[in-house]
Amino acid sequence: MGFNGLSNSATVFDAKTTKVLGTIALGGKPEFAVADGLGRIDVNLEDKSEIVAINASNLKLEKYSPLKPCSEPTGIDIDKEHRRLFIGCRNQIMTVVDANTLSIKATLPIGKGTDAIAYDPMTGLAFSSNGSGSLTVVHEDSPDKFSIVKSVVTEPGARTMALDLKTHQLYLATAKFSATSTPVPGQVRSRPYIIPGTFVILVLGD
């Protein structure tokens, strides 16, 4: 399934043949999505500050739910065992949502410019990579209680993240940036230019 930010839709592909099976109108701009392993996909709608659940079997929308006080939700990951969604919001909060009801269980402060969210089921830690140059670490004390562990200094622009579930290491991409460019059509924010030869991968672990 591919998510189309400019057309507010999702395109569904057959994984074996790559044939397009259909397009789903979402009613808002999709950002990150996560599959729950039980036949449902949850998608953040950035411009609506909502989350929408998609039934992966019949490709129907099951439910919309507001994420207030979360604004501009971006990254999302899931604790499949306890059915908790971790969502990064551009107004500097992480919102924890019950995946069954889509009700909000908690909100926690994070750094500025969040983009990606990752959850490690072995450690119970959720991570928010923030473009301002920090990584917020949250612990799931219980399915209904969450706490800030620490904020790790990274580098400005390090907001794209991947988690290796075997080694528990995090990988963040960034570079050195020059002046802000002019926004292209359909782009909400202008983006700075990357200085050639400065791209790096930051590796974070224990």
Side-chain angles (χ1 to χ4, degrees), residues 1-68 70-91 93-105 113-122 126-129 131 140 143 159-166 170-173 183-189 191:
M1 187 175 291
F3 295 94
N4 314 306
L6 295 181
S7 60
N8 296 343
S9 65
T11 303
V12 184
F13 299 88
D14 185 303
K16 293 182 178 180
T17 66
T18 70
K19 179 182 177 181
V20 175
L21 300 179
T23 300
I24 306 170
L26 299 175
K29 180 180 181 294
E31 255 290 338
F32 284 90
V34 67
D36 70 352
L38 299 174
R40 200 178 81 181
I41 299 170
D42 293 300
V43 188
N44 286 333
L45 298 183
E46 184 180 25
D47 58 338
K48 302 291 187 180
S49 296
E50 295 178 342
I51 187 169
V52 59
I54 302 173
N55 186 313
S57 298
N58 59 23
L59 308 183
K60 301 293 185 182
L61 302 181
E62 289 190 342
K63 183 178 182 180
Y64 286 91
S65 186
L67 291 173
K68 189 178 180 180
C70 169
S71 176
E72 296 182 77
T74 57
I76 184 173
D77 207 352
I78 186 172
D79 171 3
K80 293 181 180 179
E81 180 182 0
H82 301 111
R83 305 288 295 164
R84 293 294 181 261
L85 296 165
F86 298 89
I87 298 171
C89 310
R90 285 290 168 84
N91 58 334
I93 61 174
M94 179 186 288
T95 302
V96 185
V97 173
D98 185 319
N100 295 319
T101 63
L102 296 188
S103 60
I104 294 174
K105 305 300 293 185
T114 183
D115 188 52
I117 295 289
Y119 175 76
D120 189 334
M122 293 296 294
F127 307 92
S128 170
S129 54
E140 184 179 18
R159 62 194 188 94
T160 300
M161 175 175 58
L163 169 63
D164 186 328
L165 292 176
K166 291 184 178 180
L170 292 165
Y171 299 87
L172 293 88
V184 299
Q187 190 179 69
V188 177
R189 300 177 183 86
R191 296 180 182 273

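Contact of the Ser71 side chain with the Ser49 side chain is registered, since non-hydrogen atoms from C-beta on lie closer than 4.5 Å. Side-chain contact between Tyr119 and Val34 is absent, with no heavy-atom pair separated by less than 4.5 Å. Proximity of Glu46 to Thr74: side-chain heavy atoms (C-beta onward) are separated by under 4.5 Å at one or more points. A 4.5 Å side-chain heavy-atom check between Ile76 and Val43 finds every atom pair outside the cut-off. Side-chain atoms of Pro73 and Glu31, non-hydrogen and from C-beta on, never get closer than 4.5 Å to each other. At a threshold of 4.5 Å between non-hydrogen side-chain atoms, the residues Ile54 and Met1 count as touching. Side-chain contact between Phe86 and Asp79: present, with at least one pair of heavy atoms (C-beta onward) separated by less than 4.5 Å.
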Please evaluate residues Arg83 and Asp36 with respect to the criterion side-chain contact (heavy atoms from CB on, under 4.5 Å), reporting the C-alpha separation (whole Å), side-chain torsions for both, the decisive distance (0.1 Å), and the verdict. CA-CA 8 Å; Arg83 305 288 295 164; Asp36 70 352; 3.2 Å; yes

Residue pair Phe32, Ile117: steps toward the side-chain contact (heavy atoms from CB on, under 4.5 Å) verdict: CA-CA 9 Å; Phe32 284 90; Ile117 295 289; over 6 Å; no

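Rounding to the nearest 0.5 angstrom, the gap separating the CG atom in Asn44 from the OG1 atom in Thr95 is 9.0 Å. For the atom pair Lys105 NZ and Asp98 CG, the distance stands at 5.5 Å (nearest 0.5 Å).
When all heavy atoms are compared, the tightest approach of Leu165 to Pro121 is CD2-CD, 3.8 Å.
Annotation: side-chain contact (heavy atoms from CB on, under 4.5 Å) contacts of Tyr64 (sequence neighbours excluded): Leu45, Glu50, Val52, Leu61.
A salt bridge is defined here as a Lys NZ or Arg NE, NH1 or NH2 lying under 4.0 Å from an Asp or Glu carboxylate O, and Asp115 with Arg90 meets this definition.
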